[in-house]
Number of protein chains: 2
Amino acid sequence: MLKISELGSRTGLSPHTIRFYEKHGLIKASERSESGYRYYNDSDVRRAEFVKTARNIGFSLDDIGQLLSIRVDKTAHSCQEVTDITRHKLDEVNAKIAELQSMQKTLQLLLDSCCGGPEQAIHCSIMEALEDGNVDASGAAKAHKTVLGKRAKS
Amino acid sequence: MLKISELGSRTGLSPHTIRFYEKHGLIKASERSESGYRYYNDSDVRRAEFVKTARNIGFSLDDIGQLLSIRVDKTAHSCQEVTDITRHKLDEVNAKIAELQSMQKTLQLLLDSCCGGPEQAIHCSIMEALEDGNVDASGAAKAHKTVLGKRAKS
DNA sequence: CTTGACCTTAGAGTTGGCTCTAAGCTTATA
DNA sequence: TATAAGCTTAGAGCCAACTCTAAGGTCAAG
């Protein structure tokens, strides 16, 4: 039986995050000591590792909740349910990639158009393009919010 | 001289968003009526359109602030400063694309491995992969947060 | 002169996934 | 026995870019 920080080092999740996941129904300690300490058994550990793996792939906590509920009774669920979740995630990812590639293209065009040197920006072609609005931003935007993800751990 | 909602329909920004940008120093009404109404002249409109264009490309509000401060005195700034901002954004975009492509690859592999049919999920290969953790999630993750951007307008 | 559309402000709420704080208990080590 | 490390909880804070609310003032049309 592991304490929370031990489960943490086993899975690479912080105790804070583990409690957070518990609050959201993803992970549970099957036992508590008299003083309230959480204790995790092998089954708990496996579940936590499942969560960690799914999270690393990029599934949302909500997705993971669905996958977990399939996991606890696989006979009551079909492969199709699993692929539906996976495909839906893939669709999201593909849409996001397309959006970012549009931004990429626009930014690259801007960079290609400008000398990038120490000259005064008076005739900077990037500034001109922004002023004139003649920028192909189709499909781009709505992206910046998302460009820097937060999760950067193992 | 345009009122705020007129500037809004001119630029595709909502009055709420225009006030929000004002609070963040991006847009300003050069005049106010006695009763406090904002009035925008041609120069204000051009600035707002600049902001809109830059935002559509995917620049953050902070980036846009920098670009605007270059814009107001181009002789005091160089092309290099402009390309630095642009290149930095492009680097972010490229990093994000790489991350998403890793997720994409993993998800596609999972999908390819599963029948996706009405069979019970007992032997579902996606579930097995998640259980065993033998999933190539290198470079993925830290992404889901960002997968669904918010901004979806013009 | 009233109706309704529009304007003002400060400030709160949204999203998702953490991340941290405060205040207090428990446990292990020296 | 004292100290430090680690545990508990509820709840606040963070990020970015909005988005909306409340409570009220303004203005043009009929």
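Per chain, numbering begins at 1; letters A, B, ... match sequence-line order. These numbers were taken from a predicted model, which means no experiment stands behind them.
- Remark on DNA chain C: of its neighbouring residues A:K23 and A:E34, the 5'-side contact belongs to A:K23, judged by nearest-heavy-atom nucleotide.
- Of all nucleotides listed (D:dG6, C:dT19, D:dC18), C:dT19 comes nearest to the side chain of A:F20.
- Here C:dT8 presents its P atom at 14 Å from CD of B:E31, a figure rounded to the nearest Å.
- Between the side chains of A:T53 and A:N56, no donor-acceptor pair of N or O atoms lies under 3.5 Å.
- An OP1 or OP2 oxygen of C:dT26 is reached within less than 4.0 angstrom by no side-chain nitrogen or oxygen of A:R32.
- B:S14 and B:T17 are linked by a side-chain donor-acceptor pair at a separation below 3.5 angstrom, with hydrogens and angles left out of the test.
- Summarising the geometry, the separation between CG on B:L7 and P on C:dC6 is reported as 15 Å, rounded to the nearest angstrom.
- For the pair A:I18 CD1 and D:dG6 P, the computed distance is 14 Å after rounding to whole Å.
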At a cut-off of 3.5 Å, list every protein nitrogen or oxygen paired with a nitrogen or oxygen from nucleotides 21-25 of chain D, distance to 0.1 Å.
from, atom 1, to, atom 2, distance (Å)
D:dG25, N2, B:Y37, OH, 2.9

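- In this structure, A:K3 atom NZ and C:dC25 atom P are separated by 18 Å, rounded to whole Å.
- Salt-bridge annotation for B:K89 and B:E92: present, with a side-chain N of the basic residue lying under 4.0 Å from a carboxylate O of the acidic one.
- As a whole-Å value, the separation of B:D63 CG from D:dC15 C1' is 15 Å.
- Judged by the 6.0 Å distance and 45° axis criteria, B:R71 is positioned over the aromatic ring of B:F50.
- Between A:L61 atom CG and C:dT19 atom P the separation is 12 Å, expressed in whole Å.
- Applying the 4.0 Å criterion to OP1 and OP2 of C:dC18, one finds that A:Y21 has a side-chain N or O inside that range.
- Between B:R38 and B:E22 there is a salt bridge, with a side-chain nitrogen of the basic residue lying less than 4.0 Å from a carboxylate oxygen of the acidic one.
- A distance below 6.0 Å separates the ring centres of A:H24 and A:F20.
- Whole-Å rounding puts the A:R38 CZ to D:dG6 P distance at 16 Å.
- One finds no side-chain N or O of A:T17 lying less than 4.0 angstrom from the OP1 or OP2 phosphate oxygen of C:dG17.
- Base pairing in DNA chain C gives the following stems of 3 or more Watson-Crick or G-U pairs, range against range and under 3.5 Å: C:1-30 with D:1-30.
- Enclosure of atom NZ in B:K105 is not indicated, since only 12 or fewer non-hydrogen atoms of other residues, nucleotides or ligands lie within 6.0 angstrom.
- Side-chain N/O atoms of A:D136 and A:T106 include no donor and acceptor closer than 3.5 Å.
- For B:R19, no side-chain nitrogen or oxygen approaches OP1 or OP2 of C:dA10 to under 4.0 Å.
- The side chain of B:Y39 places no N or O atom within less than 4.0 Å of a non-bridging phosphate oxygen (OP1 or OP2) of C:dC7.
- At whole-Å resolution of the value, OH in B:Y40 and P in C:dC6 are 16 Å apart.
- For the residue pair B:T86 / B:D84, no side-chain donor-acceptor distance below 3.5 Å is found, with atom types taken as modelled.
- For the residue pair B:N41/B:E31, the side-chain donor-acceptor check at 3.5 Å is not satisfied.
- Between B:S14 and D:dC18 there is no side-chain polar atom (N or O) within less than 4.0 angstrom of OP1 or OP2.
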